[in-house]
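Here the structure comes first, spelled out in structure tokens, and everything after it is commentary.
Note that the structure is predicted; figures quoted are calculated from it, not measured. We name chains A, B, ... by the order of the sequence lines, and we start the count at 1 in each one. No hydrogens, no waters, no symmetry mates; every other heavy atom, side chains included, goes into these values.
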2 protein chains.
Amino acid sequence: MQWNKLDQEPCSLSRTLSVIGDRWTLLILRDCFRKVRRFDDFQERLGIGRPVLADRLQKLVDNSVLLKAAYQDRPMRYEYRLTQKGLDLYPVIMSMNCWGDRYMPGKKGPPHLYRHVTCGHTFEPVQICSECGEELDPRGVHVEAGPGARDGAPMPVVDPPLKTARQKPKQRLKRRT
Amino acid sequence: MQWNKLDQEPCSLSRTLSVIGDRWTLLILRDCFRKVRRFDDFQERLGIGRPVLADRLQKLVDNSVLLKAAYQDRPMRYEYRLTQKGLDLYPVIMSMNCWGDRYMPGKKGPPHLYRHVTCGHTFEPVQICSECGEELDPRGVHVEAGPGARDGAPMPVVDPPLKTARQKPKQRLKRRT
DNA sequence: GGTATGAGTTCTAAAATAGTACTTGGCCTT
DNA sequence: AAGGCCAAGTACTATTTTAGAACTCATACC
């Protein structure tokens, strides 16, 4: 499978990755959330190559994650701003950040702290169930086929039979740990 | 900047991306959460090239996101399982999934539904503040330098002065159901 | 006129990926 | 014992993507 077919998969993760799943896009978006808006500011802060940056910004605009807004005429100049669609990527960025804080904090601790202005505390993001409010645990979630399961589907959808699950072990499992 | 220097940045998002930020890794992890464990199963379900798959699995093991566990001897064979560190990536995957469900659902709706076994409902993940429990909004979060801000830092840290003028804050938006 | 600015585009070399074929250890069948 | 099969990789080539520097373009400023 090639990268450019990813958005056709019947899987929302694949489709999301087709928009933000390349090497640089999430770093660009992180800077967007920190109010970076202009080409040269992105370029300088990220150390990204200019051609790649141009390409990524264009793709984000094509996908309505960013929009290009003029901030002056005369030399006509544009800046890039998050749309609502882009703002809705905040949980993605925050959950990645949180994981990095937990598992790769460096010697002295996490590089950033996040303060919730409303309540005044530094916090971590926590992911909960929209229905009952309980914190989500992967073991407590069951994946089911949704209405769009076969929209155009070249891919197995939900937990198809794997050899792993079916085969009776030829040899006894050897535990080592 | 090259990709392989990303883990040195004083930013948890960069560091996280140095582990899971390439083309395939998140798709591999998605399948891990669906109980895929063996090389050929990953390869077949993802359509990924075998050399790339081997490389990614190895890197995930090196980073302790997966571990390799023998499931038989005799022909010695191993499978790949999520560690706790890997399981803790669940919010990342779920928040991406949720965004894809919202913005790229296809004609008939989202490809998958997620049922919370504990409460019995299909749900969306919601991200809240660990301190006050309120849903997070990017505009209500302030980023500050943390204790590890300058651990080895070649990069500007928090909101350095930009030429772009600040915007006056606008109205808060309400969460859509 | 000469230089500076911001936002790109062009170009080449290096790196990563796609896709196929081959290898390896051990079992199973004939 | 020979040949085939299986799972898990490696080796190798062709294509695509990225890194990095240099160049363009429109206007402003001195």
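- Figure legend: cation-pi geometry between A:Arg38 and A:Tyr71, with NZ or CZ positioned under 6.0 Å from the six-membered ring centre and within 45° of its axis.
- Two different hydrophobic clusters hold A:Leu60 and A:Tyr78 under the rule that ILVMFWY side chains link at heavy-atom gaps under 4.5 Å.
- Rounded to whole angstrom, the span from the CZ atom of B:Phe39 across to the P atom of D:dC6 amounts to 17 Å.
- B:Phe42 approaches B:Leu53 most closely through the heavy-atom pair CB-CD2, 3.8 Å.
- The interatomic distance linking A:Asn4 (CG) with D:dT17 (C1') rounds to 12 Å, in whole Å.
- In this structure a side-chain-to-backbone donor-acceptor pair under 3.5 Å is missing from B:Trp24 to B:Gly49.
- Among the atoms of the strands shown, none is found under 4.0 Å from any heavy atom of A:Phe42.
- Taking atom CD1 of A:Ile28 as the reference point, atom C1' of D:dT18 lies 13 Å away to the nearest angstrom.
- The residue among A:Arg74 and A:Asp55 whose nearest nucleotide of DNA chain D lies closer to the 5′ end is A:Asp55.
- Atom-to-atom, CD of A:Glu79 to C1' of C:dT5 comes out at 16 Å; the value is rounded to the nearest Å.
- Take the nearest nucleotide of DNA chain D for A:Arg50 and for A:Trp24: the residue whose nucleotide is more 5' is A:Trp24.
- Within 4.0 Å (heavy atoms only), A:Lys68 reaches sugar-phosphate atoms of the nucleic acid but no base atom.
- Between the side chain of B:Arg77 and the base of D:dA7, a donor-acceptor pair under 3.5 Å is found.
- Using a 4.5 Å cut-off on side-chain heavy atoms (C-beta onward), B:Gln8 and B:Arg15 make no contact.
- Rounded to whole Å, the distance from CD1 on B:Ile48 to C1' on C:dG19 is 12 Å.
- Two residues, A:Arg23 and A:Met76, neighbour DNA chain C, and the one matched to the more 5' nucleotide by heavy-atom proximity is A:Met76.
- Between A:Gln58 atom CD and C:dA7 atom P the separation is 14 Å, expressed in whole Å.
- With rounding to whole Å, B:Lys5 atom NZ is found 17 Å from D:dT18 atom P.
- When distances are taken from the side chain of B:Pro75 to each of C:dA7, C:dT20, C:dC27, the shortest belongs to C:dC27.
- Look at OH on B:Tyr80: it is 8 Å from C1' on D:dA8, rounded to the nearest Å.
- Taking every side-chain heavy atom of A:Pro51 into account, C:dC11 is the closest of D:dA8, C:dA7, C:dC11.
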